Structure formats: structure tokens, C-alpha cells
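Hydrogens, waters and symmetry mates are skipped; everything else that's a heavy atom, side chains included, is used. Letters A, B, ... are given to chains in the order of the sequence lines, protein chains preceding strands, and every chain is numbered from 1. Computed from a predicted structure; not experimentally measured.
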There are 2 protein chains.
Amino acid sequence: MWHTDHVQNRDGASVLARAFQLLDVFADNRTTVGLAELARAACLPKATAYRIAGQLVNLEILERSGNRYRLGLRLFEIGTRVTSPRRLREAALPYMEDLYESTHETVHLGIREGTEVLYIERIAARLAPRVATAIGTRKPLYCTGLGKALLAYSNREIVTMAIEAGLRPRTPHTLITAPQLRLALRQIVKTGIAYDREEYALGVTCVASAIIDSRGQPVAALSIAGPTTRFDPDRTAAAVRTAALSVSRTMGPQLAGLGSREPTRATSL
Amino acid sequence: MWHTDHVQNRDGASVLARAFQLLDVFADNRTTVGLAELARAACLPKATAYRIAGQLVNLEILERSGNRYRLGLRLFEIGTRVTSPRRLREAALPYMEDLYESTHETVHLGIREGTEVLYIERIAARLAPRVATAIGTRKPLYCTGLGKALLAYSNREIVTMAIEAGLRPRTPHTLITAPQLRLALRQIVKTGIAYDREEYALGVTCVASAIIDSRGQPVAALSIAGPTTRFDPDRTAAAVRTAALSVSRTMGPQLAGLGSREPTRATSL
DNA sequence: CGAAAGGGTTCGCTGAGTGAAACGCTGGCC
DNA sequence: GGCCAGCGTTTCACTCAGCGAACCCTTTCG
């Protein structure tokens, strides 16, 4: 008989984990993926990827046309059910529309997740598509308007985490030292307004303001972004601040603690 | 020894299927669920539900605060990646905003899935919240404006399916016989406009128009809905039709076949 | 033609997953 | 107080769902 170090499931990953590895392959803008690529990107044997993908298709989580897979509508349905973004969206949208109406620049709504902003909603200016960030994507906290607005009201540990995650210079204007960032955050708390003057990307400027719950915790943030050439953040700062305050008041007590606290980890398993 | 018909996994459901059974528990407006309820609703043994839910929490698919579970942000992220709704949304939103601006009534965007409409996007009128349908939910094709607009351009088999799914009377105005419905659909094709005059719910009226791809397939539909008391569908019919046509043209060839064809079922497994 | 890469299938092995049962805790009820 | 019902959690012996190396068939490309 052969010498068998034939181990099943060499990494300790469960079926479930693998399934979501597959779904994550679609993260980077890939809309349809073939089996081989799927397996490669998810680091799974072809046979395994095939089997799991097949199951996901049966569950209508993936769809399949020809030999290509794409994310299924059922995922969209489940995704829309996630409570916190939905509620926020509902409460903030009217104000976002007002902001858009009065500026015709791109309006964003985001929440903190770990050391990143997760973009929940946006109204994109038709004239500056480059400025807009896709919903459901993330960006670092330290170099975005939304991020800094959220960070300014977060407690010490979170700020430390964000700094430790690394302050990579994205442009010559990015704040890349902890003191710089901390100073900026203090300023934001004073005025209620966060600026991003080409710190994330050259040519893009942004004003943001945090949405705060009744206990002073930052639940989300609103921002307006536009091309530096034509967009004057100081002019709209007050409007953004007002909108954020309005949302805070609208949602009122219903959202106490709805913010992005770190999820309670389950027992090790 | 005991007589053992001790069968493992008594229904033939895989871990994956079970996991999504759990996620489906959150379908009916429940935002947070305890373990016992979760197990009961998903028809799983408590221990199994516990184990799987625990894994999902580790994967950040579920979140847990105290002893209650809720859908995790990662699901939201994945859900936003689903291509077809996203592209549609992107293309249709500007026109939806125009419609809202000129009517101040609720605007909906939906696609067909099976014999139902899946609501993809909406702009809700602030004055008539009752009229608005939540994004990510479904309604039957036969008794909604969006549904009939989609059905009118669908092929024979789909219409038959929709009829066979049952024409339940939801109000006294619901079309409940196949000939009635077929007649209405022919009318819709002629005019490009679908009406729902309190067929789904008393007091709610709606005009809709289909978004058609270059091959004549219905990809989605737009509608405006309002309270019968103040909303005159005839006045806005032309605007809805125009908006739908504009979206069709905007998306142009990029969406050929992006519509909600039935997903290809995988081999039986 | 052969080589490479794609999708799909086979099959014997085994540990990941199973669920009945027991456990400790809390809160309501008599 | 004592009791019970319901909750979340843990245990454990059993076993089949899941595994993946190897293989097959096409298509593509030089």
C-alpha cells in the first residue's frame, strides 16, 4: 500500500468557509468567473470548487450561464435585509438628496467597520463619475473624509487601531504621522466637520460630518465629494453638518447602539 | 444493542443548504433572532443551528450581540456586488430621480424573477410611506404595475407560469381570470403602459412601463405609485414611459441578456 | 500532431458534521 | 420557597457528506 499522508481538507476550513471563499472571488470587480479561475482564486482544488459552486447554484446563490458563474439574485435579496445599512439608508436618503440637489456633487454615506469605512449609499454626480465610490466597498479611515469624521468621535482604542493599521501616503497630502492625524481629529471634533483635501486621491476634495447617536457614538457619516478644480468644500460644509445633525435627530433613540460596534466573536470553534 | 434507525442528517440537506435556511429566517422582518427561535424557524436541531450559526458568526456573515443573532455587514457587501441589480440601478437612478422630482410620488424599479417582481430600487414619497415597497422583497406579477409591465413583454411560457401560479383576488379590482389578464397584457404592449388601479391593495394606484433590451426582452420595469385619492396615473403615464425608454437606450447593448432569465440549474447532485 | 488549459467525473477514504441527551442558568408562576 | 419551562451551551459516539488525486473529454494554439 502507498505511504498515505493523504490528508482530507488540508487547511482546517469548513464547507461553509470555503463557500464564502468562493463568493469572495467576486469581490474584485469580476462579474463572471469560470470554474478554473474560481478554484485558483479561492485556493481550492478544482473538484471541490466545482462541487460547492454546484450546490450554490442549486441554492440560487450563484447563477450559471454556460460555463461561467456569477452572483445570484438571492444574495442581493439577503443583502438588502441587513438591518443597519437599511435603516441608515432610509433615514439618510432624503437629506442626501437635498444635499445633492443643492450642490450637484457626489454625496456619500458610510459607516465604520474595523479600520475602514464601508460605503452604504451614494448619489453620484453625473459630471464627475471618477469621484464616486461604489456602494459596498471599503476605504481606509485615515485618509478619507468619511473616515476621519467617524474616527474623530471614536474612542481611543479605535483611533490607535486605525493608526496601527498603517498610514500609507496615498498622495502628497495624505496625513502620514500619528500626531498629524490626531491633531486633525481634534479639529474635527471642534468644528463637526472633516475635510479631505486630496488626501486619498489627487484632484478629489471632500467634506464630511458624522452622524452621532444619543450616547455620542458615531453611527455613520455623510460627505460631499467633488473635483478640486470646481468644488469648494467650505461652501457646503455647513450644509453637510446640518444634514448629519438632522439624520442624527431623525433616527433619534431608535439607533442607540446600531452603530458598527465590533461583532462579538463566537467561541473559538 | 438498540435497534438503530438513528439516521444522521434526516433530510438530505447539506451544511450549505442549512446555513442558508438559517439566513432565510431573517426574511420576514425579523431583525434579531435568538438561538431557539432560529432553530425552530429553520427546522433544525438546536445543536446544529448553534454550530452553524457559530461558524457564520466567525465568518462575519451573522453578528451576535448577547444571545441574539442578526445579519452581518459582510452579507450587505456581498449583496451589493450582485451585478445585474447594480447595473440596472446605476442606469435607472437618474431617471427615477427625475420622475420623483416631477411627481413627488413613490418611484419603483423591479425585475422579474420567476412569477414575481423583485424590487431593486425605490425612491419613497415622504408623504405616503404606506405605498412604498421595500427593496429586496417580492410581489406577484399578475396584480402589480411593475409585474404586468414585465409580463406583457415576456414570452408565452412565462405568462402561463404566472397564471398557473394562481390569480388570487387581493382586492375587488384584482384581475382574477386568465382572459382578463391576457387582454390587459395585450393592451399594455399596445400602449407601453401598465396600470394597477387598486389591484394589489385598496387605495394604491400605479403606472408602470417596461425597460426592454435590444432583443425585445423585458429587463426591468419602472413605476410610479401613489394613493388613489390624490394620484392620477394618466398624468404621469407618459413620463414613466419616457423614462423607461431612456433607460433602455442608456443601457443599450451592454445589457443584452442581462435580464432575469431563469438560472441554469446545475446537475441534480 | 502534441501540449496546455478548460470543464466535468470518478471513487475509496475519513474526519467534519451530526443530533439526542444532559447541563446549568434564568425568570415566571403557584 | 420549590417547581418547571425555556433558554444557550456542551458532550460524544456514530457515520455519511465531503474530500481531492487522478482521469476523461474538448477545445485552442503553435
Note to self: On the nucleotide C/dG19, are OP1 or OP2 found under 4.0 Å from the side-chain N or O atoms that B/Thr48 carries?
What the structure shows: yes

Next item on the list: Show your working on salt bridge (charged side-chain N to carboxylate O under 4.0 Å, His left out) between A/Arg89 and B/Glu121 and close with a plain yes or no.
Entry: CA-CA 12 Å; A/Arg89 201 192 108 98; B/Glu121 185 54 283; 3.1 Å; yes

Note to self: Donor-acceptor check, side chain of B/Glu63 to backbone of B/Val57, threshold 3.5 angstrom: yes or no?
What the structure shows: no

Notebook entry, point to check: Rounded to whole angstroms, how far apart are CG on A/Asn58 and C1' on D/dA17?
Noted result: 15 Å

Check: Please give, in whole Å, the distance from D/dG8 P to B/Leu44 CG?
Finding: 14 Å

Notebook entry, point to check: Do A/Arg81's NZ or CZ and the ring of B/Phe26 fall within the cation-pi criteria of under 6.0 Å and 45°?
Noted result: no

Checklist line | B/Asn67 side chain near C/dT26 phosphate (N/O to OP1/OP2, under 4.0 Å) | finding: no

Margin query: Is there a side-chain contact between A/Arg40 and the phosphate of C/dG6, meaning an N or O under 4.0 Å from OP1 or OP2?
Written below: yes

Notebook entry, point to check: Quick one: does NZ or CZ of B/Lys148 land under 6.0 Å from the six-membered ring centre of B/Tyr142, within 45 degrees of the ring axis?
Noted result: no

Next item on the list: Measure distances between side-chain N and O atoms of A/Arg68 and base N and O atoms of C/dG7, and say whether any donor-acceptor pair falls under 3.5 Å.
Entry: no

Next item on the list: Indicate whether OP1 or OP2 belonging to C/dT9 is found under 4.0 Å from a side-chain N or O atom of A/Tyr50.
Entry: yes

Next item on the list: Quantify the bending of the helix from C/dC1-D/dG30 to C/dC30-D/dG1 as the angle between its end axes, each fitted on five pairs, to 10°.
Entry: 30°

Margin query: Going by side chain to side chain contact (heavy atoms under 4.5 Å, CB included), name the residues that satisfy it together with A/Thr106, two or more places apart in sequence or in a different chain.
Written below: A/His108, A/Ala125, A/Val131, A/Ala132

Note to self: Measuring from the side chain of A/Gln55 (C-beta onward, heavy atoms only), which nucleotide among C/dG19, D/dG18, D/dG20 has the closest atom?
What the structure shows: D/dG18

Check: Can you list every side-chain hydrogen bond (donor to acceptor under 3.5 Å, both in side chains) pair that touches residues 20-32 of chain A, not counting sequence neighbours?
Finding: A/Asp24-B/Arg74, A/Asp28-A/Arg30, A/Arg30-A/Glu37, A/Thr32-A/Arg68

Margin query: Does C/dA16 have its OP1 or OP2 closer than 4.0 Å to a side-chain nitrogen or oxygen of B/Arg18?
Written below: no

Next item on the list: Nearest whole angstrom, please: distance from the C1' of D/dG20 to the CD1 of A/Ile52.
Entry: 12 Å

Margin query: For DNA chain C, which residues of residues 21-34 of chain A approach it to below 4.0 angstrom with any heavy atom?
Written below: A/Gly34

Checklist line | Phosphate-side-chain proximity, A/Arg64 and C/dG7, N/O vs OP1/OP2 below 4.0 Å | finding: no

Item checked: Pairing residues for B/Arg130 by the side chain to side chain contact (heavy atoms under 4.5 Å, CB included) criterion, not counting sequence neighbours -> B/Val204

Checklist line | Atom-to-atom span, CG of B/Leu16 to C1' of C/dG17 - whole angstrom | finding: 13 Å

Checklist line | Partner set under side chain to side chain contact (heavy atoms under 4.5 Å, CB included) for B/Arg86, not counting sequence neighbours | finding: B/Glu90

Margin query: Heavy atoms from C-beta onward define the side chain here; which of C/dG6, D/dG8, C/dT18 lies closest to that of B/Ala36?
Written below: D/dG8

Notebook entry, point to check: Backbone N or O of A/Ile52 within a donor-acceptor pair of the A/Arg18 side chain at under 3.5 Å?
Noted result: no

Notebook entry, point to check: Going by atom types only, do B/Tyr95 and B/Thr250 share a side-chain donor-acceptor pair under 3.5 Å?
Noted result: yes

Check: What is the distance from CZ of B/Arg51 to C1' of D/dA17, rounded to the nearest Å?
Finding: 13 Å

Checklist line | Polar side-chain contact A/Lys46-C/dG8 base: donor and acceptor under 3.5 Å | finding: yes

Checklist line | Length of the line joining A/Leu35:CG and D/dT27:P, which is rounded to integer Å | finding: 17 Å

